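Because the structure is a prediction, the values reported are computed rather than measured.
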Amino acid sequence: MPTAYRYALYLAPAGSLREVGQRWLGRCADTGLPLARSAGADPREASWTQAPRRYGLHATIKAPFRLRAGATPASLDQAVRRFARTGNAFGLPLQRVRLRGFLAWCIADDRARQRMNALAGAAVTALDEYRAPPLPDELQRRQIHLLEPAQRMMLQRWGYPYAFDTYTFHITLTGQLAEADLTAAGRRLDALDGSALQAPMPVRAVSLYVEPEPGADFVVARHYGFDGSCTDGCGVRYLDGECA
C-alpha cells in the first residue's frame, strides 16, 4: 500500500451541515470529486473558498503530519481505531463567526466547547508517537515571529501552534478575505446555513484525511465511529488496515 505525504485527524461535519458545507466549498472530501454549488451561487464563491476547498470540509483535531520513521499507515489506522472507541457521541451547537479574517462555524456553547477541546487534546496526545517532526520549510510557513509565546511552545512540542490552551475549534468556510468580500460571503451563507445551524451538529466519529502528495487535495481515508464502526473514503488505499 502507498504512504500518503501527510495524514490528519479531522472532525468531518455530519447532519445537514455536511451537505451545506460541501456544496459551499464545491468539493466532496469522501470522493474527491467536485460538487455543483447551490442554486443562486455567487460567481465569487470559487475564489472565496479556494483555500479551505483544498483541505475539504472539516475541523482540525490533530493537524496534518508526516509519519515518523518506523511508523506505518496500518499502525496509525489501528491507533485511530482504538482512540475512536474511547469517544462518546454528543451534540455541538455552532454559529458562524469571523475568525482571523475568514468565516467559520465555531462552537456556540461553553460546555460543548469544553467537551470538544477535551476530545481534541486527547487525540493530540494519543497520536503524537506517529508524527514526524516538522521540516524547516514547514516551520517557516508558520511565520513563527507572528505567533504568541504559548503558540510557539505548542508548535515546538506538538508540531502545531493551536493545541490545548491555544486550540480553537472551527470549520473553515472561506479564505482570508477583504471586508467587502467577507460581508458578501456572509450574506450568501445566511441563505444557506441558517436552518442547519438551528440544531446541534452530531459528533459521533473522527476521520483520518490524507494528503496523497505535497500540495494535493486532502481526501477522506476513513471515518471511525465511536461505536467501533468505520466507513472508507476514496483515500483508503493510503491505509494498510482493513475495516472490521
[Y] side chain reached by [X] side chain, heavy atoms, under 4.5 Å:
X: Val80; Y: Tyr130; answer: no
X: Cys106; Y: Leu94; answer: no
X: Val20; Y: Trp105; answer: yes
X: Cys230; Y: Arg81; answer: yes
X: Arg188; Y: Glu45; answer: yes
X: Pro161; Y: Thr166; answer: no
X: Leu103; Y: Val97; answer: no
X: Trp48; Y: Trp24; answer: yes

Verdict with reasoning, Arg23 to Glu19, per side chain to side chain contact (heavy atoms under 4.5 Å, CB included): CA-CA 6 Å; Arg23 291 284 179 188; Glu19 175 68 15; 2.8 Å; yes
Residue pair Asp217 / Tyr55, side-chain donor-acceptor N/O under 3.5 Å: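 There is no such pair (donor and acceptor under 3.5 Å, judged by atom type) between the side chains of Asp217 and Tyr55.
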Euclidean distance, Glu129 CD relative to Leu127 CG, rounded to 0.5 Å: 8.5 Å
From Ile61 atom CD1 to Tyr209 atom OH, the distance as rounded to the nearest 0.5 Å: 10.0 Å
With a 4.0 Å cut-off, would you call [X] and [Y] a salt bridge?
X: Asp109; Y: Arg113; answer: no
X: Asp42; Y: Arg44; answer: yes
X: Arg131; Y: Asp128; answer: yes

Hydrophobic cluster (4.5 angstrom, side-chain heavy atoms) - remaining members for Met154: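 For the cluster that includes Met154, the remaining residues are Val124, Trp158, Phe164.
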Nonpolar side-chain network containing Leu33, other nodes, edges under 4.5 Å: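 Grouped by the 4.5 Å side-chain rule, Leu33 forms a cluster of one, so the answer is none.
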Same apolar cluster (I L V M F W Y, side chains within < 4.5 Å links), [X]/[Y]:
X: Tyr160; Y: Leu67; value: no
X: Leu182; Y: Ile171; value: yes
X: Leu192; Y: Leu57; value: yes
X: Val220; Y: Met201; value: no
X: Phe90; Y: Ile107; value: yes

Could you report the tightest heavy-atom contact between [X] and [Y], atom names first, then the distance?
X: Phe226; Y: Gly87; answer: CB-O, 3.4 Å
X: Ala84; Y: Gly225; answer: CB-O, 3.9 Å
X: Gly56; Y: Arg27; answer: N-NH2, 3.3 Å
X: Ala4; Y: Tyr238; answer: N-CD2, 3.5 Å
X: Leu25; Y: Arg37; answer: O-NH2, 3.4 Å
X: Val219; Y: Gly32; answer: CG1-CA, 4.0 Å

Checking the side chain of [X] only, and the main-chain atoms of [Y] only, is there a donor and an acceptor separated by less than 3.5 Å?
X: Thr125; Y: Gly121; result: yes
X: Thr172; Y: Pro52; result: no
X: Arg53; Y: Gly26; result: no
X: Thr72; Y: Ser75; result: yes
X: Arg66; Y: Arg6; result: no

Ring pair (Phe, Tyr, Trp, His ring centres under 6.0 Å) against Phe102, all qualifying residues, sequence neighbours excluded: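 For Phe102, the residues satisfying ring pair (Phe, Tyr, Trp, His ring centres under 6.0 Å) (neighbours in sequence not counted) are His170.
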Side chain to side chain contact (heavy atoms under 4.5 Å, CB included) assessment of Leu239 paired with Tyr7: CA-CA 10 Å; Leu239 293 178; Tyr7 295 78; 4.0 Å; yes
Does atom [atom1] ([X]) have a neighbourhood of more than 12 heavy atoms from anything else shown, all under 6.0 Å?
X: Gln156; atom1: CD; value: no
X: Arg204; atom1: CZ; value: no
X: Asp165; atom1: CG; value: no

Working for side chain to side chain contact (heavy atoms under 4.5 Å, CB included), residues Phe218 and His58: CA-CA 10 Å; Phe218 279 73; His58 78 283; over 6 Å; no
Test side chain to side chain contact (heavy atoms under 4.5 Å, CB included) applied to Leu189 and Leu173, step by step: CA-CA 9 Å; Leu189 280 164; Leu173 299 172; 4.0 Å; yes
Can I get a per-line list of side-chain donor-acceptor pairs under 3.5 Å for residues 8-18, giving both atom names and the distance, sequence neighbours left out?
from	atom 1	to	atom 2	distance (Å)
Arg18	NH2	Asp30	OD2	2.9

Please list, one pair per line, the donor and acceptor atoms closer than 3.5 Å that link side chains of residues 135-150 to other protein atoms, with sequence neighbours excluded.
from	atom 1	to	atom 2	distance (Å)
Asp137	OD2	Arg141	NH1	3.2
Glu138	OE1	Leu135	N	2.6

Lys NZ or Arg CZ of Arg100 over Tyr162 ring: under 6.0 Å, within 45°: yes
Results of salt bridge (Lys or Arg N to Asp or Glu O under 4.0 Å) for Arg98 - residues two or more places apart only: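 For Arg98 the salt bridge (Lys or Arg N to Asp or Glu O under 4.0 Å) partners, ignoring immediate neighbours, are Glu179.
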